[in-house]
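Positions are given from 1 along the sequence.
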Amino acid sequence: MKLNRREFLLLTAGVVTGCKAPDKEDASATGMEQIINAGMAGTFIADGVYSNFRDQGFFVICHGGKLSALSAICTHRKCKLTARPDSSFYCPCHGSTFDPGGHVTEGPAKRDLPRLPAVLNERGQLLVKVSGV
């Protein structure tokens, strides 16, 4: 089979477009999971909420020396939450609030914030699994 220049270019463009590597938005749309390295556990010494990873979809919580990760996405309409000084969470879109444990304290949200899987690796780094952020 022989291709002329025009056919070759059209075929090449189609292959390149079809083989595009997934980016962050593609991962969100398909619900793909990611493991995010939140850094050394020693970074999160004081009890409280660490909002460094809000844009990646989670908050790191330190309570009694134990680390966990809580979704930073409101369960009502998927807006990004903000952490308050009292360790509660507020949704600027529709006003939902959540207590420091992620439980709904004021709607319209009806579901609590999900806890995300988080583990310490052998190097002492906190790894958090997020999906569709």
Side-chain angles (χ1 to χ4, degrees):
M1 177 177 161
K2 288 189 175 185
L3 298 176
N4 65 31
R5 183 173 187 259
R6 184 169 193 259
E7 292 169 332
F8 174 78
L9 290 174
L10 287 172
L11 181 62
T12 303
V15 169
V16 169
T17 303
C19 294
K20 181 182 141 232
D23 58 18
K24 188 174 181 178
E25 289 180 14
D26 291 337
S28 298
T30 61
M32 292 175 55
E33 293 183 339
Q34 288 182 281
I35 303 292
I36 297 178
N37 185 339
M40 298 301 292
T43 307
F44 311 105
I45 295 174
D47 278 2
V49 175
Y50 294 84
S51 57
N52 316 39
F53 297 94
R54 175 183 172 265
D55 288 339
Q56 283 100 334
F58 66 95
F59 297 106
V60 174
I61 313 294
C62 182
H63 183 73
K66 295 185 179 182
L67 294 176
S68 61
L70 198 60
S71 175
I73 308 300
C74 183
T75 55
H76 174 239
R77 296 280 181 179
K78 305 213 182 293
C79 294
K80 286 187 182 172
L81 300 170
T82 56
R84 292 178 159 174
D86 66 354
S87 297
S88 66
F89 305 97
Y90 173 74
C91 179
C93 296
H94 301 104
S96 293
T97 58
F98 302 84
D99 69 15
H103 304 286
V104 176
T105 55
E106 186 175 326
K110 296 184 183 338
R111 291 181 293 121
D112 295 341
L113 299 175
R115 290 214 173 265
L116 303 177
V119 296
L120 290 178
N121 69 9
E122 65 280 352
R123 295 185 194 132
Q125 299 167 322
L126 181 65
L127 305 178
V128 179
K129 184 188 287 186
V130 297
S131 62
V133 176

| note | For residues 33-91, the disulfide bond (SG atoms under 2.5 Å apart) pairs (sequence neighbours left out) are C79-C93
| said: Applying side-chain hydrogen bond (donor to acceptor under 3.5 Å, both in side chains), can you list everything that pairs with E106, at least two apart in sequence or on another chain? | reply: none
| request: Identify, with sequence neighbours excluded, every residue that meets side chain to side chain contact (heavy atoms under 4.5 Å, CB included) alongside D99. | output: H103, T105
| Path from L67 to V119 over hydrophobic side-chain contacts below 4.5 Å | no
| field | Least distance between heavy atoms, K78 atom then I73 atom | value | CA-CG2, 3.4 Å
| message | Applying a strict under-4.5 Å side-chain criterion to I, L, V, M, F, W and Y, I'd like to know whether L127 and F53 cluster together. | response | no
| Can you check whether V60 reaches N52 side chain to side chain, under 4.5 Å on heavy atoms? | no
| request: Could you pull out all residues at least two apart from D47 that satisfy side-chain hydrogen bond (donor to acceptor under 3.5 Å, both in side chains)? | output: none
| In the hydrophobic clustering (ILVMFWY, side-chain contacts below 4.5 Å, transitive), which residues join F89, or is it alone? | V49, F59, I61, L70, L81, F98, V104, L113
| message | Which residues pass the side-chain hydrogen bond (donor to acceptor under 3.5 Å, both in side chains) test with S88, not counting sequence neighbours? | response | D86
| Which pair of heavy atoms, one from A69 and one from V128, lies closest together, and at what distance? | CB-CG1, 3.7 Å
Only distances under 3.5 Å count here; give the side-chain donor-acceptor pairs of residues 39-46 to other protein atoms, sequence neighbours excluded, each with its distance to 0.1 Å.
unit_1: T43; atom_1: OG1; unit_2: M40; atom_2: O; d: 2.9

| said: Can you give me the closest heavy-atom contact between L126 and A118, atom names plus distance? | reply: CD1-CB, 4.0 Å
| remark: Sorted by chain and number, sequence neighbours left out, side chain to side chain contact (heavy atoms under 4.5 Å, CB included) with P92 holds for Y90
| query | What pairs of residues pass the salt bridge (Lys or Arg N to Asp or Glu O under 4.0 Å) test when at least one of them lies in residues 110-131, not counting sequence neighbours? | reply | E33-K129
| request: Keeping to residues at least two apart or across chains, list the ring-ring contact (aromatic ring centres under 6.0 Å, His included) pairs with something in residues 61-84. | output: H76-H94
